[in-house]
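Worksheet: the structure to be examined is printed underneath.
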Number of protein chains: 4
Amino acid sequence: MSGPEGHEPPGRKRPSFIEQARRAQIVEAAAEVVAEVGYAHTSFARIAEKAGISKSVISYHFGGKDEILRLVVTRLFDRGWQHMEPRIAAEKTAAGRVRAWIGSQLEFFQAHRVEFLAMSEIMANHRGEDGSYAYSDELAEEVDGIAEILAQGQRDGELRSFDPRGVANIIVRCVDGVLESWAMDPGVDLDQQAAVLLDFIDHAIGAR
Amino acid sequence: MSGPEGHEPPGRKRPSFIEQARRAQIVEAAAEVVAEVGYAHTSFARIAEKAGISKSVISYHFGGKDEILRLVVTRLFDRGWQHMEPRIAAEKTAAGRVRAWIGSQLEFFQAHRVEFLAMSEIMANHRGEDGSYAYSDELAEEVDGIAEILAQGQRDGELRSFDPRGVANIIVRCVDGVLESWAMDPGVDLDQQAAVLLDFIDHAIGAR
Amino acid sequence: MSGPEGHEPPGRKRPSFIEQARRAQIVEAAAEVVAEVGYAHTSFARIAEKAGISKSVISYHFGGKDEILRLVVTRLFDRGWQHMEPRIAAEKTAAGRVRAWIGSQLEFFQAHRVEFLAMSEIMANHRGEDGSYAYSDELAEEVDGIAEILAQGQRDGELRSFDPRGVANIIVRCVDGVLESWAMDPGVDLDQQAAVLLDFIDHAIGAR
Amino acid sequence: MSGPEGHEPPGRKRPSFIEQARRAQIVEAAAEVVAEVGYAHTSFARIAEKAGISKSVISYHFGGKDEILRLVVTRLFDRGWQHMEPRIAAEKTAAGRVRAWIGSQLEFFQAHRVEFLAMSEIMANHRGEDGSYAYSDELAEEVDGIAEILAQGQRDGELRSFDPRGVANIIVRCVDGVLESWAMDPGVDLDQQAAVLLDFIDHAIGAR
DNA sequence: TATGAATGAGTATTCATTCAT
DNA sequence: TATGAATGAATACTCATTCAT
């Protein structure tokens, strides 16, 4: 598939500062537009309007709509992981690390509701040209990460017996679902939901 | 349960057999198209091509794209509930009824993978003109149904103490998430995932 | 050009009673639709809906939209003339006959506002395939009729000297204009406007 | 006098020269098309063909068909008034000013036959969404203007007694009617018709 | 680098008309 | 006679993209 950055403006050596700024500005505007009007109604015209630039600037800096939206997702993902990683690493027990994983993830997205909404829309809609789903890899990585913690917890006799990958998948989907129900209706009290969710999962995995 | 049918071909008294057949054919084709190419790329042209008819036939039978897609969702929802209801009612204990709810839901959608994919896409994308999410009601109803069962289980001393609505929401999202992970990748063994999920929830709600 | 009736249902000998009734019903419905939504938005679908029949009945009885709308005009024209003729003939002086012409015309259309509106719309819009205006003949006949009266009045020394055809044209346009200003805004007091108009023309043609 | 321009191409600061030229070109082409094939058959496709551009250029420069056609009317109206105003103001007597009004109006539109035809078609057909007539205001303004002159003439004892607004309405309709009879059939000698009309009105209002 | 202008493919929808029943 | 169903052409309009400046 195309390289990690995909598209480059013609006749370029390496990304100038102004170039990077423009790209970031456009990606940010794109996220806002997606969150506001939804994936299907997101167009270059709307993104350009939101960013206060002309449509053709977008075509100049990016290879296409897909590239921009992919960046919306991956940048948020990366920043999210930066927030989560140290908090997970600080915990010693498996249950503690799972709790840290979920808690810090909820924490991070709580502070980035609009971007989370955009990310959900994009992940739900982005497909390859063959109709296959993109982002399976990102999700799989997350599932793997949690599965590993769970397996370790079982080896240590800390957690009860269950299929670690199956449960990890369930946990990932749970957290995402709770976040979505909050993102779609900000009336929801996410802190309280988080507490319920952590308790729910504690019992589910038999953390003692 | 489904709302008014909305549109009728001109000069009609009541739906003829042949018209009902056409409508069903179109709705079915629409579901397949959505599942294949995604909500954003679903168009009258593609639906017509899939159904082997001309574009204008669709406009003749339906008031608009929204009406067709809404029918994809509501018909599947209704048929799903018809499958689930007796299986839930047959159980006496709260844990049994929750298990029946989840199990029969997984069972039903396992037999309707394409339609489930389409339904997910549509529910994720359909919005009101103001950008608000449609289908919140359908989800809320499901959450309410499960919450009620959980609350009863707590009153009977069968289940441990927790916030019934919060947990019900988590359960709904869990099941949906597991279904989605299977629908997007049919390599997943749904029966095995179902067992893991039921066990997971059993422990989470403290069913004894 | 096509014969006076234009289109006939296939395999026909002479118009049955029921056939004539259907045609009249359709023409009437067409007039109402044109008056309501305007020429440009008048369609078989709307006419059929108004008449409570199916679209294809219209195609069965008429050769096309043009034929129906032509009938709306000519039928109203004919009925109008039936009303006006005896009233004009009853007058002896030229000024009296002009006054009778105008007065009875205003009178007639006052009782048929909707049809008059439709007629105006149709006459303003109907064109031949070459873009030429239809209904020039009908208007020319009216101008001729009034011009003849005016010329007679001049020969009798009853009216002052002027170009009879030019003035006749002006009069026809005047009356039509006043009717239109009333038809478009029913708040106008047509009786009062009629008095002003008759007085206006009396002075203009020097009736003594 | 003309209202807000309504639509602007995206990402624009102020109208460039080339854009103004394109807009004018399109408005001109639209007028020709309306005059040729009539309001009902005027489409973006025909306008684009006439202007030698692609359909989407029109959508780029204008918000919709209504906006273009409204401009056809208002631009001609404005230019017409620019021509008429000084000629009216130059006259001292009421009869003189009415004669100047009518004469200069005929003069102006004689030099713009195609645009006048287009304007008539558009004013006759353009309606609000509720079916109400647009352009009532423009006509009303014209009637008001003439009515005021007539009333002044009466106060000065220059004109005979009659209802000024009623007569003003008749005059406006008269002039429009005569122009239409000429525009639809260029064989008519408008100069001669103008003379007849001015004489007709002189007598009608009792100018001494 | 940036953009105003342009474009052709694509969108849903309406239209008058046809035809088997 | 009448009609429900179907159709292909036409409608206004949006889209991502290109290109000269």
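Chain A is the first sequence line, chain B the second, and so forth, proteins listed ahead of strands; every chain is numbered from 1. Below, each value reflects all heavy atoms present in this structure, side chains not excepted, and no hydrogens, waters or symmetry copies. The shown structure was predicted, so the numbers you read here are calculated from the model rather than taken from an experiment.
- Looking only at side-chain heavy atoms (C-beta outward), C/Glu138 and C/Thr74 come within less than 4.5 Å of each other.
- Pairing for F/dA20 goes to E/dT3, judged as Watson-Crick or G-U wobble with the two contacts each under 3.5 Å.
- For the pair C/Gln25 CD and F/dT1 P, the interatomic distance rounds to 14 Å; values are reported in whole Å.
- Remark: C/Tyr39 OH to D/Asn125 CG distance equals 9.0 Å, nearest 0.5 Å.
- The distance from the CE atom of B/Met119 to the OH atom of B/Tyr135 is 10.0 Å, given to the nearest 0.5 Å.
- Residues C/Val72 and C/Glu115 form no side-chain contact, since every pair of their non-hydrogen atoms from C-beta on lies 4.5 Å or further apart.
- Atom-to-atom, CD of C/Gln20 to P of F/dT1 comes out at 11 Å; the value is rounded to the nearest Å.
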Checklist entry - Taking it one step at a time, do A/Gln25 and A/Arg22 satisfy side-chain hydrogen bond (donor to acceptor under 3.5 Å, both in side chains)? => result CA-CA 5 Å; A/Gln25 177 197 16; A/Arg22 261 277 187 268; 2.7 Å; yes
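- Distance NZ (B/Lys65) to P (E/dG10): 15 Å, rounded to an integer number of Å.
- Contacts of C/Ile18 with the nucleic acid, taken as non-hydrogen atoms under 4.0 Å apart, involve only primed sugar atoms and P, OP1 or OP2.
- Rounded to a whole Å, the CG atom of B/Leu69 is 10 Å from the P atom of E/dA12.
- The shortest distance between side-chain heavy atoms of C/Ile122 and C/Thr42 does not fall below 4.5 Å.
- Within the 4.5 Å cutoff, the side chain of B/His61 has heavy atoms near those of the B/Val57 side chain.
- When the nucleotides E/dA5, F/dA16, F/dG4 are ranked by their closest atom to the side chain of D/His61, E/dA5 comes out on top.
- Within residues 33-57 of chain D, the residues having any heavy atom under 4.0 Å from DNA chain E are, by residue number, D/Ser54, D/Ser56, D/Val57.
- Nucleotide F/dA12 forms a Watson-Crick or G-U wobble pair with E/dT11, both donor-acceptor distances falling under 3.5 Å.
- Put simply, CD1 on C/Ile58 is 15 Å from C1' on F/dT1, counting in whole angstrom units.
- In this model, the phosphate group of E/dA6 is not approached by any side-chain N or O of D/Tyr60 to a distance below 4.0 Å at OP1 or OP2.
- Distance CZ (B/Arg23) to P (F/dG4): 16 Å, rounded to an integer number of Å.
- Between the CD atom of A/Glu67 and the P atom of F/dA16 there is a distance of 15 Å, rounded to whole Å.
- Remark: P of E/dT18 and CZ of C/Phe62 are 16 Å apart, rounded to the nearest angstrom.
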